[in-house]
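Okay, structure first, notes after.
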Amino acid sequence: MTKSTRVASILTHDDTYPFGAVVPPIYQTSLFTFESFEEMEDSFRSLGLDGHPMYSRGNNPSVQVFEHKVAALEGGEAARAFSSGMAAISTAILARCQAGSRVLCVECVYPDAFKFFTQLAPRYGITVEFVDGRDLNAIQTALPGATLLYLENPTSMVFRLQDLSAIANMARAHGVYTIIDNSWATPLYQRPIEHGIDMVVHSASKYLGGHSDTVAGIAIGTHADIEKINRLEYSVLGGKLSPFEGWLLLRGLRTLNLRLEAHQKSALEIAGKLERHEKVAKVNCPGLKGFAQADLAKKLGGITGLMSFELNADREGIKRFINSLEYFKLGVSWGGHESLVFPIALGLLNRGALNPYDYFGIPENTVRIHVGLEDVNDLWSDLETALGRI
Ligand SMILES: *Cc1c(COP(=O)(O)O)cnc(C)c1O
């Protein structure tokens with residue numbers, strides 16, 4: 001699928017909605033009823049992703065439209081939406097593991113995925129080993145005997161890239177299932193299934209939704225793999241998405257292409273200016289020419305608004321920088337219209353082996369920003385003023 005057909009597939013649909021409505025209705029109902037014994041019998045027999053809706057913990061049409069669109073965008077056969085990115089991630093992982101499973105996970109992974117692997121999974125006899133996702137030899141060495149390899153490309157704190165095709169080939173050769181968090185790139189800039197990755201997960205709270213008004217997740221894969229999750233882990237863990245949120249996500253999806261282009265344009269300008277600023281020691285942004293993994297970065301269809309950089313500052317300097325910002329609001333999430341800043345120094349408050357930033361050695365002077373849709377000149381003058389107060 002070319003990029004323009006992908007964008008078209010967000011905007012068009014094969015379904016017809018009542019009265020020719022251009023936007024699907026919100027099926028705000030928990031329950032769907034049947035005319036007869038036989039009709040309900042049919043539904044029970046075919047109960048699955050595409051079956052006649054019966055109960056909204058199973059299928060709801062407002063959610064199914066969203067699932068179909070994201071599955072098509074990712075080049076997957078099917079998708080299942082969840083009440084959060086973490087619900088999608090934890091459910092997808094649990095569906096592949098059992099007591100005794102060994103999971104490989106790339107370093108610098110999203111903090112709550114780290115917490116899942118290091119604190120929850122061990123209680124069920126699942127062990128984790130972290131590998132440097134940039135090091136193909138390290139991955140090759142760790143693969144034999146593993147059940148699952150969990151990726152995030154790029155990692156969303158320090159933006160390390162993985163060679164997806166090479167890794168997918170090695171994992172396949174060892175019968176290791178691969179799951180990737182694609183929240184940052186979105187299917188417009190990276191389609192992991194085309195590289196041979198088995199399952200894609202998203203925090204739809206970020207770019208897919210794009211308006212900071214919904215927490216949601218989605219998993220995409222083959223029909224068989226999603227159906228397997230659907231029949232057991234999804235249905236018994238129950239992390240379903242609400243119909244209204246499915247509808248909100250569809251609304252967000254319609255402008256994904258336009259939003260990403262705008263984020264990227266401003267982000268590139270800001271990354272370049274940060275790189276040349278004396279108070280900035282290093283910029284972690286795959287769009288920069290001097291990016292350490294520039295060759296792998298070329299495989300991305302684009303960059304988005306999320307990046308990080310290291311300040312030439314001590315803790316007091318970081319504090320002055322953060323408190324001087326006006327457009328960049330202090331907050332943890334990203335992917336919406338608004339510009340945000342998050343100092344890793346705050347993430348490091350409770351240090352130790354259970355703290356992901358500490359565990360992965362992310363420097364305390366690292367600051368992550370999300371470049372929003374505001375005027376880029378305003379954003380840069382905000383950053384420049386704050387850098388001047390360090
Ligand atoms: C936010 C985030 C998640 C978790 O998603 P929620 O929707 O908050 O549960 C997972 N991965 C990445 C990279 C994220 O930024």
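As the structure is a prediction and not an experimental result, all values here were calculated from the model. Counting starts at 1 for both ligands and their atoms, following the listed order. Start at 1 with the first residue, then count along the sequence.
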Quick check: does any side chain N or O of E152 sit under 3.5 Å from a backbone N or O of C105, one acting as donor and the other as acceptor? no
Pick out the protein N or O atoms lying less than 3.5 Å from any N or O of ligand 1, and list each pair with its distance.
| residue | atom | partner | partner atom | Å |
| --- | --- | --- | --- | --- |
| ligand 1 | 5 (O) | S203 | OG | 3.0 |
| ligand 1 | 7 (O) | G85 | N | 2.8 |
| ligand 1 | 7 (O) | S203 | OG | 2.9 |
| ligand 1 | 7 (O) | S205 | OG | 2.6 |
| ligand 1 | 9 (O) | G85 | N | 3.0 |
| ligand 1 | 9 (O) | M86 | N | 2.8 |
| ligand 1 | 11 (N) | D181 | OD2 | 2.6 |
| ligand 1 | 15 (O) | K206 | NZ | 2.6 |
| ligand 1 | 15 (O) | W334 | NE1 | 3.1 |

Side chains of N230 and E227, donor plus acceptor under 3.5 Å: yes
Looking at G372, is its backbone amide N or carbonyl O close enough to the side chain of H337 to form a donor-acceptor pair, meaning the two atoms are under 3.5 Å apart? no
Can you tell me if R57 uses its side chain to pair, donor with acceptor, with the backbone of S235 under 3.5 Å? yes
Exercise: do E245 and S242 side chains pair donor with acceptor under 3.5 Å: yes
Contacts of H52 meeting side-chain contact (heavy atoms from CB on, under 4.5 Å) (sequence neighbours excluded), chain-then-number -> F32, F34, S43
